[in-house]
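As structure tokens, the structure follows; a few thoughts come after it.
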Amino acid sequence: MTLATQPYKGARDFYPEDKRLQKYMFGTIRKVVEQFGYEEYDAPILEPLELYLAKTGEEIVNEQTYAFTDRGGRQVAIRPEMTPTVSRMVAARRQELAYPLRWYSIPNLWRYERPQRGRLREHWQLNVDIFGLPGIEAEMELIQIADTILRSFGSTHDMYSIRINSRKLMDFILKDYLELTPTQINTVCKLIDRMHKIPHAEFMAEVDAVFTPSQRDAGASNKLIGLLKIKQLQHLPEVIREHESAKELKQLMDMLDDARITNAVFDITIMRGFDYYTGIVFEIFDNDPNNNRSMMGGGRYDGLVGLFGVEPVPTVGLGWGDVTMQNFLEGHDLMPNLRPETDVYVVLIGDVYSKALRIIQDLRNMGANVAVDLSGRKPDKQIKSAAKKGIHYAMFIGEKELDEELYEIRNLLTGVEERHSAARIVSIVTDYREEEI
RNA sequence: GCGGAUGUAGCUCAGUUGGUUAGAGCGUCUGAUUGUGGCUCAGAAGGCCGUGGGUUCAAGUCCCAUCAUUCGCCCCA
């Protein structure tokens, strides 16, 4: 029985070239989020299972969570999402924190399910949350952050669309306007979520089947179907438009317009899976028809912190998975060609190792990242290794160089070779590193 | 949990109606007078044909099971 070399199902190994991409993505994200004044936090990957039982949604906890009993008999879960954890942390220091609170994290999360494109068992997810603001300025800021992140990767507004809806609005429509029962509301919500995935006729039939004959006679079924076709807030019936939640949506859309975020639209079919959303919900979709899925989602959840027995804190948050982000960037050809962190690869010629040690350490002290071959192979083999690793410069150190204190440095891309002092070499190779970014 | 597709060298794949000793390209390693990669040339290593069973004189090839990968569905963090 030989050991398998592949990683655990649905999880990824990050070889250096993969890790470089991840570092690039997370680095770009961090820069933007910190520009908006958000602070990074973190927490354990294990939580008591009950943390998720309270609010996440039954199926997710029962079937999609990695859970086990620890040696002390405690029920433990590997975190499937970060929102309960961050709510717990805020609740624990409810009184002493300075609001509004702006926090972010990039945790790895696990879900037990069948892997498919864009969805693995382990993924990293950017979580950005703002606590303590009841007004839609909070939603505005998070959407702005998401938009800024995409822009700083080099994408343009035609590549993605921001779709916005409100749970509060949907509640009003389904409960008060259409007068549906809680069971009917549940079924309809799930149906709406699938609207764009199933044939139109089938969808219509399934919607119609939800209603009782008397409701149908009163026109409720046709009303709902009519509503679901609406693409703009102003086309909603007046009673709905006058509702507080619709006015909020309108304000938010106007703010986005003022901020020149022109690819944001009202979309009545955006529901989000979690039970805990209480207000505005939003998602960003890739416009590429080959990857037409939601890559980021978020919304307002004002009730979660309060579950821990403290005064509730109004909160808006977003979650953005690394897998969907990477699919988007690759699909639009936005992933840069990244080089390793090593600036220069030292090729030792002859038996000069101990004599070269000092100059090599000088290079590092002056700021260069320096790898030394150390294999004692012929120069051609050493150069080949450097080139294969993607390192941009090779530096030759032999007796002659040590005597003259001038070293050959070769650009491995162009093949151009020059002789310089150690200080000059450091400035050449580190200048190149700057250019790359 | 359900359905489809695919498993042959490190990678991408050929392999005829079942028929000797399983192939190519790329990659890897060695060498072409030991201080310079990419081009060229010569050579080498590397495979229980995913695994187990069955049919057959004979299985990489046909049948069954199983495992794995992958694309969908359910569900969505």
Side-chain angles (χ1 to χ4, degrees), chain A residues 1-2 4-12 15 52 55-66 77-86 105 107-127 189-190 193-194 197-198 270-277 281 283 290-291 293-299 301 317-324 345-352 373 376-402 407-419:
Chain A
M1 181 75 189
T2 53
T5 56
Q6 67 203 29
Y8 175 72
K9 188 186 186 74
R12 292 161 290 169
Y15 285 84
Y52 306 103
K55 32 60 52 207
T56 301
E58 275 177 45
E59 165 150 8
I60 288 169
V61 175
N62 294 339
E63 293 170 31
Q64 300 199 346
T65 299
Y66 280 85
I78 302 179
R79 59 187 177 198
E81 56 159 338
M82 200 58 168
T83 304
T85 298
V86 71
S105 189
N108 57 333
L109 308 175
W110 288 81
R111 53 191 171 202
Y112 191 84
E113 66 171 348
R114 197 126 181 194
Q116 57 190 281
R117 180 174 164 77
R119 303 193 71 199
L120 302 174
R121 286 183 169 184
E122 185 189 36
H123 72 137
W124 274 256
Q125 189 191 58
L126 169 69
N127 275 254
C189 285
K190 284 185 176 164
D193 211 42
R194 287 167 55 209
K197 290 184 178 177
I198 56 179
I270 295 297
M271 296 298 291
R272 309 280 305 142
F274 287 142
D275 301 335
Y276 53 63
Y277 288 112
V281 288
E283 296 191 20
N290 296 322
N291 190 43
R293 61 170 68 224
S294 166
M295 63 169 144
M296 185 278 328
Y301 54 100
L318 68 77
W320 196 339
D322 67 323
V323 183
T324 51
Y345 194 83
V346 170
V347 173
L348 295 175
I349 297 166
D351 187 16
V352 295
D373 187 85
R377 291 173 298 178
K378 291 187 205 169
D380 59 332
K381 303 294 180 199
Q382 300 189 44
I383 293 169
K384 264 186 145 171
S385 285
K388 190 166 183 186
K389 289 172 197 290
I391 297 169
H392 198 72
Y393 289 100
M395 174 179 174
F396 299 90
I397 302 183
E399 295 287 356
K400 199 167 62 184
E401 285 79 3
L402 287 165
Y407 309 88
E408 291 285 340
I409 180 150
R410 181 183 181 95
N411 181 324
L412 292 175
L413 280 192
T414 62
V416 173
E417 201 165 305
E418 294 168 350
R419 264 176 111 68

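Order of the sequence lines sets the chain letters (A, B, ...), proteins ahead of strands, with each chain counted from 1. Below, each value reflects all heavy atoms present in this structure, side chains not excepted, and no hydrogens, waters or symmetry copies.
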Could you tell me which residues satisfy side-chain hydrogen bond (donor to acceptor under 3.5 Å, both in side chains) with R419(A), sequence neighbours excluded, listed by chain and number? E404(A), E408(A)
Pick the C1' atom in U17(B) and in U30(B), then give their distance to the nearest Å. 44 Å
Any chance you could list the contact pattern along nucleotides 35-51 of chain B? Use B for base contacts, S for sugar-phosphate-only contacts and - for none, protein heavy atoms under 4.0 Å, 5' to 3'. BBBB-------------
Over 60° means perpendicular and under 30° means parallel, so classify the ring planes of Y301(A) and Y277(A), tilted if in between. perpendicular
G4(B) and C74(B), which share atom name C1', separated by this distance in whole Å: 15 Å
More than 12 heavy atoms from other groups under 6.0 Å of OH on Y15(A): no
When the distance from NZ of K378(A) to C1' of C29(B) is rounded to whole Å, what number comes out? 13 Å
So how far is it from D322(A) CG to N108(A) CG, rounded to the nearest 0.5 Å? 9.5 Å
Mind checking side chain to side chain contact (heavy atoms under 4.5 Å, CB included) for R111(A) and listing every partner two or more places apart, or none if nothing turns up? E113(A), R119(A), H123(A)
Verify side chain to side chain contact (heavy atoms under 4.5 Å, CB included) between E122(A) and Y8(A), making sure each step is shown before the conclusion. CA-CA 10 Å; E122(A) 185 189 36; Y8(A) 175 72; over 6 Å; no
Partners of L120(A) by side chain to side chain contact (heavy atoms under 4.5 Å, CB included), sequence neighbours excluded? R12(A), P115(A), V323(A)
Within the side chain of E399(A), is there an N or O that forms a donor-acceptor pair under 3.5 Å with the backbone of V352(A)? no
Using a cut-off of strictly less than 4.0 Å between a heavy atom of the residue and any atom of RNA chain B, enumerate the qualifying residues of residues 116-125 of chain A by number. Q116(A), R117(A), R119(A), H123(A), Q125(A)
Taking only residues two or more places apart in sequence or in another chain, which ones pass ring-ring contact (aromatic ring centres under 6.0 Å, His included) with Y66(A)? W110(A), Y112(A)
P atoms of C49(B) and C11(B), separation to the nearest Å: 16 Å
Y345(A) meets the ring-ring contact (aromatic ring centres under 6.0 Å, His included) criterion, sequence neighbours left out, with none
Considering only atom C1', compute the distance from U12(B) to U51(B) and round it to an integer number of Å. 24 Å
Those residues at least two apart in sequence (or on a different chain) that pass side chain to side chain contact (heavy atoms under 4.5 Å, CB included) with I383(A) are V347(A), F396(A), L412(A)
Here the pair of heavy atoms bringing S294(A) nearest to T324(A) is O-CG2, 4.1 Å
When rounded to the nearest Å, what value does the distance between C1' atoms of G54(B) and C75(B) take? 40 Å
Ranges pairing with ranges for RNA chain B, where each run has three or more Watson-Crick or G-U pairs under 3.5 Å: B:1-7 with B:67-73, B:10-13 with B:23-26, B:28-32 with B:40-44, B:50-54 with B:62-66
With sequence neighbours left out, what residues match R114(A) under side chain to side chain contact (heavy atoms under 4.5 Å, CB included)? none
Could you tell me how far C13(B) sits from G38(B) if I compare only their C1' atoms? Round to whole Å. 26 Å
For W320(A) and C76(B), what is the distance between atoms CH2 and C1' respectively, to the nearest whole Å? 18 Å
Hey, what are the protein-to-nucleotides 1-9 of chain B N/O distances that come in under 3.5 Å?
unit_1, atom_1, unit_2, atom_2, d
C2(B), N4, R114(A), NH1, 2.9

Taking only residues two or more places apart in sequence, or in another chain, which ones meet H392(A) in a ring-ring contact (aromatic ring centres under 6.0 Å, His included)? Y432(A)
Please report the distance separating the C1' of A32(B) from the corresponding atom of A68(B), rounded so that it comes out in whole Å. 45 Å
Using the P atoms only, state how far C2(B) lies from U20(B), rounded to an integer number of Å. 41 Å
Do the side chain of Q6(A) and the base of A68(B) come within less than 3.5 angstrom through a donor-acceptor pair of N or O atoms? no
